[in-house]
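Just so it is clear: chains get the letters A, B, ... in the order the sequence lines come, proteins before strands, and each one is counted from 1.
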Number of protein chains: 4
Amino acid sequence: MVTQRGKRQIEIIEAALKVFGENGFFQGTMEEVAKEAGIGKATIYEYFSSKKELFQEMLVYFVEDYITGAHDATEKENTVRSKLIALTEYNIAFVKSKADTLQRMTSRSEHVSEDFKCKIFNIKQTVCSIALKIVEKGIETGELRSDLDKNIAALIIIGALNSVSTEYIFNEEIASNTINTSTFVDILLSGLS
Amino acid sequence: MVTQRGKRQIEIIEAALKVFGENGFFQGTMEEVAKEAGIGKATIYEYFSSKKELFQEMLVYFVEDYITGAHDATEKENTVRSKLIALTEYNIAFVKSKADTLQRMTSRSEHVSEDFKCKIFNIKQTVCSIALKIVEKGIETGELRSDLDKNIAALIIIGALNSVSTEYIFNEEIASNTINTSTFVDILLSGLS
Amino acid sequence: MVTQRGKRQIEIIEAALKVFGENGFFQGTMEEVAKEAGIGKATIYEYFSSKKELFQEMLVYFVEDYITGAHDATEKENTVRSKLIALTEYNIAFVKSKADTLQRMTSRSEHVSEDFKCKIFNIKQTVCSIALKIVEKGIETGELRSDLDKNIAALIIIGALNSVSTEYIFNEEIASNTINTSTFVDILLSGLS
Amino acid sequence: MVTQRGKRQIEIIEAALKVFGENGFFQGTMEEVAKEAGIGKATIYEYFSSKKELFQEMLVYFVEDYITGAHDATEKENTVRSKLIALTEYNIAFVKSKADTLQRMTSRSEHVSEDFKCKIFNIKQTVCSIALKIVEKGIETGELRSDLDKNIAALIIIGALNSVSTEYIFNEEIASNTINTSTFVDILLSGLS
DNA sequence: TATGAATGAGTCTTCATTCAT
DNA sequence: GATGAATGAAGACTCATTCAT
């Protein structure tokens, strides 16, 4: 059963999702959230003890939303390939629908001027180009297959890299010996199947 | 030649790196940066027109540092495999050395209580478990090779996924048809080589 | 006859006495009073039109309690001496039983740190020491009788002084010529009898 | 030497003295203090870390002012009698000059309506009348001397009483046996000399 | 009669930025 | 060139009071 209280909480969280999504935690104000929710400022405090708590509950709500969807999307598929495709598509759709929210919430874009975004874009391209160059060279020397989509390959490398690096740091027990590094690279090279 | 002015700028940026790294953009104050740099608050404004500009220049400095190193590390290797290993190791080393800075700068750790971190950790595990389940099922059914390191495989999937999804959104020209999705998944499955 | 309404009013006043006694007027909230009384917040407004009125009625209730007791205690004694002793003892007992309430209600203890209380205590000692020094010097020179309890004498001087000074200010008709000052001091020196 | 900083601090304290004197701690706002001092609101925080600290420093300043004056006034007199008269006069003068400040700071007059003040005044009279009645009865029966100023006598009793009672409570080591009560009453009756 | 829910008005406090020296 | 001092603008949070039920 959905309580009256629970319903109002959801309303506030959804307003927060919009406001913090557009403005980030520090730029989004409680006043804006209240206005967005169509309620008084103090009312929020009847449901969330502080801005921090509201933000956290909002994140949980947001992430749980993602998980449920991702789970459902993959569950009904049978092969690994179709599962991965489903997951990829779901992910893209989700990211697309929440593009603004994510962009602002993840990045520090609020305090980054247009001029600067350009600069950063170039940098990102440069980072990417390192992977891209490796891929191109590899195709050239025959180490990599010639039908490879270079851009996607580069993206996979970078994404996988970051994902693994981060995990290495925050989950130290996964170990940090070179064997894992080779394992990682080998999977990338030979594929999962 | 390094000008006097340039030298001072670097000092400030390095102080900013420390302060914003520890506290994030909004929590880090100009006063702290000044104190860290051992200069007066107003002096910063002689070198950077605003907090925003300082932060941006700091990011550029930070990222360029990464790029230079990444470039050097891969350049001297010959095969794709050794290049990728070098890049992976460099990346891990870099992330490790800047772990604190990155963690604070990237995440919203300031306004996230310990209690909440735990909650989020569980969620992250859940997200990961979706990929993990797919991998496990795949090994079981023989679709994936049995010698696969499940955790690393899951991490690769998630990282690659995010990287590609994000790119899809922000670089629309890369197209958004299912062909690419299949391409992406196929590369993951069959590997780069 | 005690009406139902009157009974409820008393309950609220007693709750207010506790809450405002512990927290002072501004720190004590209507919400706390309501909780203490075991009723809803809005209910208080059925009996008292505002926080101010509640506070005032509470004071009246408190003071009347004192007066009744003080009256009873002195009434049944016969000599001035025994009356004064009875009054003194009653006063001490009353103050003692309400020590906490009085202390908080009178002082600004809320916004006074422990560190500061110490400072203030020293000051109070200093004030006291002025009277004390006079007493000691007087005993030394023989102006005051040698069997005098110095501390009590000093306290009497200070209390009487404040009481009279305050009255001078707020009851101007009592006059403000030096004759009264002499009169006052003479009573202190020669006693009432 | 009076530093620039010290001078500004005094200015703020004096403004606070006026504002808090007129309005009490909770009613007086930092904005008012700033306006009174002719400075910006934030400037206060350059000198005092919080409203609380400002208030405390203000109290210290206020009390020290009193003490210095009281000390000076009594020091230059020779006999106990003249010392007491000097102290009394100083006290009256001080209270008179700070009447408003004291009245507001001590009492809770801000949240007490005119109507209520009347009520309280009557109560005070009643309290006083208890002492007054004892005095009158005493004069009648010959226990007290007939030339006694009844009002001043009553004030002395009440003031001394409160002073001693309070001390009993907060300075427990002074003991709480009846001997002291008698001692106290005897001093009142027989005088200090 | 009793009250939970809602809220606007009000206040402390922070901080990027300016400017006189 | 360097800076301490000053500050306006902004935002989180509180609470007495109201009102629909």
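- With sequence neighbours excluded, the residues that form a side-chain hydrogen bond (donor to acceptor under 3.5 Å, both in side chains) with A:Ser49 are A:Glu53.
- Mapping A:Arg5 and B:Thr29 onto DNA chain E via the closest heavy atom, the residue that lands nearer the 5' end is A:Arg5.
- Every residue two or more places apart in sequence or in another chain was checked for a ring-ring contact (aromatic ring centres under 6.0 Å, His included) with D:Tyr45, and none qualifies.
- The ring-ring contact (aromatic ring centres under 6.0 Å, His included) test applied to D:Phe48 returns no partner, not counting sequence neighbours.
- Ring orientation note: the planes of B:Phe25 and B:Phe20 are tilted relative to one another, at an angle of 30° to 60°.
- If you measure from atom NZ of B:Lys35 to atom C1' of F:dT3, you get 15 Å, rounded to the nearest angstrom.
- One interatomic measurement links the two molecules: CE of D:Met30 to P of F:dT7, which rounds to 14 Å at whole-angstrom precision.
- Within the nucleic acid shown, C:Arg8 comes within 4.0 Å of sugar-phosphate atoms alone, with no base atom in reach, counting heavy atoms only.
- In this structure, B:Glu46 has no salt bridge (charged side-chain N to carboxylate O under 4.0 Å, His left out) partners at least two apart in sequence or on a different chain.
- Taking the salt bridge (charged side-chain N to carboxylate O under 4.0 Å, His left out) definition, one finds that B:Glu11 meets it with B:Arg8, sequence neighbours left out.
- Mapping heavy-atom proximity under 4.0 Å, the span of DNA chain E touched by chain D runs 5' to 3' from E:dT11 to E:dC15.
- A distance-only check finds no donor-acceptor pair linking the side chain of C:Lys51 to the backbone of C:Thr29 [under 3.5 Å].
- Annotation: side chain of B:Ile39 is in contact with side chain of B:Ile12 (closest heavy-atom distance under 4.5 Å).
- Only D:Tyr45, D:Ser50, listed by number, bring a heavy atom of residues 43-50 of chain D to less than 4.0 angstrom from any atom of DNA chain E.
- Not counting sequence neighbours, the partners of C:Tyr66 by the side-chain hydrogen bond (donor to acceptor under 3.5 Å, both in side chains) test are C:Asn91.
- Listed by first and then second residue, the salt bridge (Lys or Arg N to Asp or Glu O under 4.0 Å) pairs involving residues 28-44 of chain A are A:Lys18-A:Glu36 (not counting sequence neighbours).
- Judged by closest nucleotide on DNA chain F, B:Gly38 is the one of B:Gly38 and D:Ala42 placed further toward the 5' end.
- A 4.5 Å side-chain heavy-atom check between C:Val60 and C:Gln56 finds every atom pair outside the cut-off.
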Structure string for DNA chain F in dot-bracket form, Watson-Crick and G-U at under 3.5 Å, | interchain:
.||||||||||||||||||||
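- Going from atom CD of A:Glu31 over to atom P of F:dA9 covers 17 Å, rounded to whole Å.
- When the side-chain nitrogen and oxygen atoms of A:Lys51 are compared with OP1 and OP2 of F:dA12, one or more of them lie within a distance under 4.0 Å.
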